[in-house]
Each structure stands twice: as structure tokens, then as C-alpha cells.
S.K.: 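Structure in C-alpha cells, see below.
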Amino acid sequence: MSFNLSGLPKLVCTSVVRGSEKGQSHGGLYVVDFAAGKVEQKLDWNTIDIDFTGRGWDRGLRGIEFTDKEVFVAASDELFWYTPEFELVGSYTNPYLRHCHEISRQDDKLFLTSTGYDSLLAFDLGTRRFVWGVYLSRNGNQWVAQAFDPESSGGPPLSNNYHINMVHVARSGIFMSGLNTRALLQLTGELTVDEVCNLPQGCHNARPFNGGVLFNDTRGDVVRFVSRDGKQSALPVLTYDRSELDFVGVDDSRIARQGFGRGLCVLNERYVVGGSSPSTLSIYDLKENKRIAAVNLTMDIRNAIHGLEVWPFGT
């Protein structure tokens with residue numbers, strides 16, 4: 001069966017430029033229309049007033065979420081609020097928001113990863129305040145979750161032991177993972193943390209999917225789906241001929257390598273979209289176990305997709 005691009009929804013993605021310096025590109029936000037073959041840059045991070053202290057190696061915009069009339073985009077230490085036309089309405093900071101990666105909405109709450117504090121934060125969309133935090137640690141083999149008030153001074157210490165880079169919130173609980181958790185974790189209302197399944201070190205975007213788990217196996221250079229019965233789909237991340245790439249050979253450990261898989265969204269039970277560097281979006285068919293379409297935003301090897309979602313608005 002051939003794949004019909006005309007039926008695809010638009011996608012929205014953010015990009016970061018790893019190891020960039022002041023005066024250089026820092027990425028932005030793009031709406032991608034596979035059906036029309038069109039990419040529109042909606043936000044240019046270069047035009048935003050960047051504080052170069054405390055923003056980590058990845059400079060740019062990250063996780064994306066929506067309400068029925070609002071767009072929220074995370075930067076490293078700040079949450080931005082836009083209209084669907086990308087007019088900036090406001091922004092919010094918190095002392096315990098550091099090196100944010102992904103965000104997820106459930107009802108009237110936004111949940112944000114605070115990678116620099118091994119924590120999650122909850123932002124109330126009604127009061128526009130950070131109202132809850134949870135700090136993740138281990139006691140031997142047991143995961144421990146400790147709640148704290150992000151508006152007080154009694155929060156957790158600065159730490160990045162697990163590099164929590166993903167949060168996915170559902171009715172069944174809060175799911176999170178990180179480069180060093182080696183597991184998909186589920187947090188329930190009683191602050192109990194359970195391991196849903198094992199994960200390889202260094203993965204991104206892990207989430208429950210179709211009875212199993214879906215994630216970017218970043219070190220393995222594949223998008224991977226593992227069903228509950230152990231069956232796997234492993235879809236190779238797109239790479240390019242070295243001669244096509246820009247900024248190859250820059251000697252800096254912070255520079256994203258080619259094929260670095262990050263950013264993942266679900267179209268339906270069969271098709272998913274993954275991001276990679278240099279900034280590329282690829283559509284994968286899990287049933288046929290193959291990539292069926294791709295679009296490239298730039299050939300700058302430093303420029304990597306970060307946040308990736310289905311665009312819910314008509315324009």
C-alpha cells in the first residue's frame with residue numbers, strides 16, 4: 001500500500017544548535033507541511049533576548065505543548081506563551097527550572113522536565129504559577145520521589161544524575177525517562193515510582209505506545225518500538241553523504257553528530273515521526289518497518305531537532 005502524504009497533519013518542531021556561541025544561529029521553531037512540501041520558520045531564536053548564563057550547551061527552543069488557543073514552548077530555563085499566530089503573550093521562570101527538555105499537558109497542568117535538578121515541575125495554566133515539583137533519586141535499587149514546592153527555598157540540590165529529558169502524562173500516571181535512568185519510569189499519585197520497562201542508556205522520547213514502548217534509541221541510531229511480547233521494530237535514522245554536511249569536523253564535544261535521534265510524535269498506531277540531526281523529520285511505518293518520507297531543514301551538523309508535535313491549529 002502506498003503512503004498518501006496529502007492526508008498528513010502539519011507538524012511543528014523546534015531545533016537547537018549545539019555548542020553555538022553568541023552571534024551565531026541558535027535554532028528556532030518551524031511548522032512543516034509534508035503534504036504541500038512546505039516549511040515555515042515561525043520563531044527565530046536569534047531574535048529573542050538570550051541570557052547566555054545557565055542555558056547549557058544546547059541553545060534554542062525545546063518542548064512544545066498546546067491548549068485549544070495557546071502554544072507553550074520551553075527554552076532551557078524559561079517557559080514561553082504564544083498565540084497560535086506566534087505572538088508572544090508572556091513567559092515564566094522558576095529557580096528550579098534548569099535545562100528543561102520536554103513538556104507535557106494533562107488538563108490544566110503543564111509538566112516540565114528540569115534536567116538540572118533531576119526533577120519534574122508542574123505549571124498551573126489557570127494561576128500561571130509553578131505549583132508542584134518532584135525530585136527523583138535512588139535508594140539502592142529503589143527509585144524515590146520527593147515532592148517539593150518550587151516557589152519555596154526548600155527544593156532539591158542542583159544535580160543531573162539521571163538527565164531526565166522526557167515526560168509523558170496520561171490518566172494512568174506520569175511517565176518519565178532520561179539518558180541515565182535506563183528505564184521508563186511511572187509516577188503515580190502516591191509518589192510511588194515503578195519501572196515500566198528497561199531502556200538502553202542514552203535514549204530520548206520514551207513513552208508507552210500501543211501496548212509497548214516507543215523511543216529514540218539515540219546511541220543505536222534507530223527509532224525503536226518494542227511490543228509487550230518482545231517483538232521489535234528498529235528503524236534506522238536518516239544520514240547523509242559527508243560531503244553534503246556543513247560544519248563537519250568542528251572539534252567540539254558539544255557538537256551534535258549526524259544521525260542524533262531526538263524528537264518523536266505519533267500520527268496513529270502505524271505511523272510515527274522522528275527528528276534527527278542535521279535537522280530532519282522522518283516519517284516511519286512501524287508495520288512495514290521502513291522510513292517512507294523525510295524533510296530536511298538544514299544541513300548544519302550542529303543543528304538538531306528537539307521538540308516535535310502534531311500541529312493542532314489550521315494555519
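This is a predicted model, so every value here is computed, not measured.
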S.K.: Is the number of heavy atoms from other residues, nucleotides or ligands under 6.0 Å of R128 CZ greater than 12?
M.R.: yes
S.K.: Donor-acceptor pair, D77 side chain versus H99 backbone, under 3.5 Å?
M.R.: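 At least one qualifying donor-acceptor pair exists.
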S.K.: Hey, does K109 have a side-chain heavy atom less than 4.5 Å from the side chain of D124?
M.R.: yes
S.K.: Counting only heavy atoms not in E269, do more than 12 fall under 6.0 Å of its CD?
M.R.: no
S.K.: Side chains of F215 and P200: closer than 4.5 Å at any heavy-atom pair?
M.R.: yes
S.K.: Any chance the rings of F130 and Y96 have centres within less than 6.0 Å?
M.R.: no
S.K.: So, T188 side chain and G173 main chain: donor-acceptor pair closer than 3.5 Å or not?
M.R.: no
S.K.: Taking C-beta and beyond as the side chain, do K42 and Y30 meet within less than 4.5 Å on heavy atoms?
M.R.: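 No. Closest side-chain heavy atoms not under 4.5 Å.
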S.K.: As an exercise, state the distance from CG of D33 to CG of L5, rounded to the nearest 0.5 Å.
M.R.: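 Reported value, rounded in 0.5 Å steps: 9.5 Å.
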S.K.: Find out whether R302 and D246 are in side-chain contact, i.e. whether some heavy atom of one side chain is under 4.5 Å from a heavy atom of the other.
M.R.: no
S.K.: Is a side-chain donor or acceptor of N139 paired with a backbone partner of Q142 at a separation under 3.5 angstrom?
M.R.: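 Such a contact is absent between N139 side chain and Q142 backbone.
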S.K.: Compute whether any side-chain donor of one residue and acceptor of the other, for T115 and H101, lie under 3.5 angstrom apart.
M.R.: yes
S.K.: Closer than 3.5 angstrom, by distance alone: can the side chain of S243 be matched with the main-chain N or O of D241 as a donor-acceptor pair?
M.R.: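 Not confirmed, S243 side chain does not pair with D241 backbone.
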S.K.: Are W143 and Y162 near enough that their ring centres are under 6.0 Å apart?
M.R.: yes
S.K.: Before giving the answer on ring-ring contact (aromatic ring centres under 6.0 Å, His included), spell out for W311 and F86 the whole-Å C-alpha distance, their side-chain angles and the decisive distance to 0.1 Å.
M.R.: CA-CA 13 Å; W311 179 244; F86 292 101; 5.4 Å; yes
S.K.: Please find the pair of heavy atoms, one from G275 and one from L281, that lie closest to each other, and give the distance.
M.R.: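 Smallest heavy-atom distance, with atoms named: CA-CD2, 4.2 Å.
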S.K.: Would you confirm whether N205, through its side chain, and G263, through its main-chain N or O, come within 3.5 Å as a donor-acceptor pair?
M.R.: yes
S.K.: Calculate, to the nearest 0.5 Å, the distance between atoms CG and CD belonging to L235 and E288 respectively.
M.R.: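 Nearest 0.5 Å value for the CG-CD distance: 11.0 Å.
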S.K.: If every non-hydrogen atom of H204 is compared with every non-hydrogen atom of G261, which pair is closest and at what distance?
M.R.: ND1-O, 3.8 Å
S.K.: Determine whether V272 and L286 make a side-chain contact, defined as any pair of heavy atoms from C-beta on separated by less than 4.5 Å.
M.R.: yes
S.K.: Please check this pair: side chain of S282 against backbone of A294, looking for a donor-acceptor N/O pair closer than 3.5 Å.
M.R.: no
S.K.: Minimum heavy-atom separation for F80 and Y82, please, with both atom names.
M.R.: CB-CE1, 3.4 Å
S.K.: Between E78 and S91, do the side chains contain an N or O donor and an N or O acceptor separated by less than 3.5 Å?
M.R.: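 Side chains of E78 and S91: pair found under 3.5 Å.
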S.K.: Can you tell me if N180 and Q201 form a side-chain donor-acceptor pair at under 3.5 Å?
M.R.: yes
S.K.: Would the distance check show the side chain of Q258 and the main-chain N or O of Y240 forming a donor-acceptor pair, the cut-off being under 3.5 Å?
M.R.: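 It does hold such a pair.
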S.K.: More than 12 non-hydrogen atoms from neighbouring residues, nucleotides or ligands closer than 6.0 Å to CZ on R182, yes or no?
M.R.: no
S.K.: Taking N303's backbone N and O only, do any of them form a donor-acceptor pair with S279's side chain (distance below 3.5 Å, no angle check)?
M.R.: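 Yes; at least one donor-acceptor contact below 3.5 Å.
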S.K.: Can you check whether F66 reaches V12 side chain to side chain, under 4.5 Å on heavy atoms?
M.R.: yes
S.K.: One pair to check against side-chain hydrogen bond (donor to acceptor under 3.5 Å, both in side chains): N216 and T218. What are the steps and the verdict?
M.R.: CA-CA 5 Å; N216 264 309; T218 307; 5.5 Å; no
S.K.: Would you say the side chains of E190 and T192 form a donor-acceptor pair under 3.5 Å?
M.R.: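 E190 vs T192: no donor-acceptor pair found between side chains.
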S.K.: Between the side chain of T280 and the main-chain N/O of P278, is any donor-acceptor distance below 3.5 Å?
M.R.: yes
S.K.: With no hydrogens and no angle check, just 3.5 Å: does a side-chain donor-acceptor pair link N165 and T113?
M.R.: no
S.K.: Is there a side-chain contact between V266 and Y271 in this structure, where contact means two heavy atoms from C-beta onward sitting under 4.5 Å apart?
M.R.: no
S.K.: Tell me if a side-chain donor or acceptor on T14 pairs with a main-chain N or O of L61 at a distance below 3.5 Å.
M.R.: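 Yes; at least one donor-acceptor contact below 3.5 Å.
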S.K.: Does R62 come within less than 4.0 Å of E102, counting only side-chain N to carboxylate O?
M.R.: no
S.K.: Report the residue from L185, V213, V196, V167 that forms a side chain to side chain contact (heavy atoms under 4.5 Å, CB included) with F175.
M.R.: V196
S.K.: Do E244 and R242 meet the salt-bridge criterion of a basic N to acidic O distance under 4.0 Å?
M.R.: no
S.K.: Return the minimal non-hydrogen interatomic distance between L267 and P9, and the atom names on each side.
M.R.: CD2-CG, 4.0 Å
S.K.: Given side chains that start at C-beta, do those of L112 and L97 come closer than 4.5 Å, heavy atoms only?
M.R.: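 Touching, per the 4.5 Å side-chain cut-off.
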S.K.: Report yes if the distance between the aromatic ring centroids of F209 and H168 is under 6.0 Å, otherwise no.
M.R.: no
S.K.: Taking R98 first and then D118, would you say they form a salt bridge - that is, a charged N and a carboxylate O separated by under 4.0 Å?
M.R.: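 Salt bridge absent between R98 and D118.
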S.K.: Report the distance from atom CE of M166 to atom OG of S177, rounding to the nearest 0.5 Å.
M.R.: 7.0 Å
S.K.: Cluster question for you: counting only ILVMFWY and a side-chain heavy-atom cut-off of under 4.5 Å, with indirect links fine, are L121 and V144 together?
M.R.: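 No, it is not one cluster - the side chains of L121 and V144 are not joined through contacts under 4.5 Å.
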S.K.: What about Y117 and F123, same hydrophobic cluster or not, with Ile/Leu/Val/Met/Phe/Trp/Tyr joined at side-chain heavy-atom distances under 4.5 Å?
M.R.: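 Yes, because Y117 and F123 connect within a single hydrophobic cluster, where side-chain heavy atoms sit under 4.5 Å apart.
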S.K.: Under a 3.5 Å threshold, yes or no: a donor from one side chain and an acceptor from the other, between D300 and T298?
M.R.: no
S.K.: Spell out, yes or no, whether I283 and V223 are grouped together once hydrophobic residues are joined by side-chain heavy atoms under 4.5 Å, including indirect joins.
M.R.: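 Per the 4.5 Å side-chain linkage, I283 and V223 are not co-clustered.
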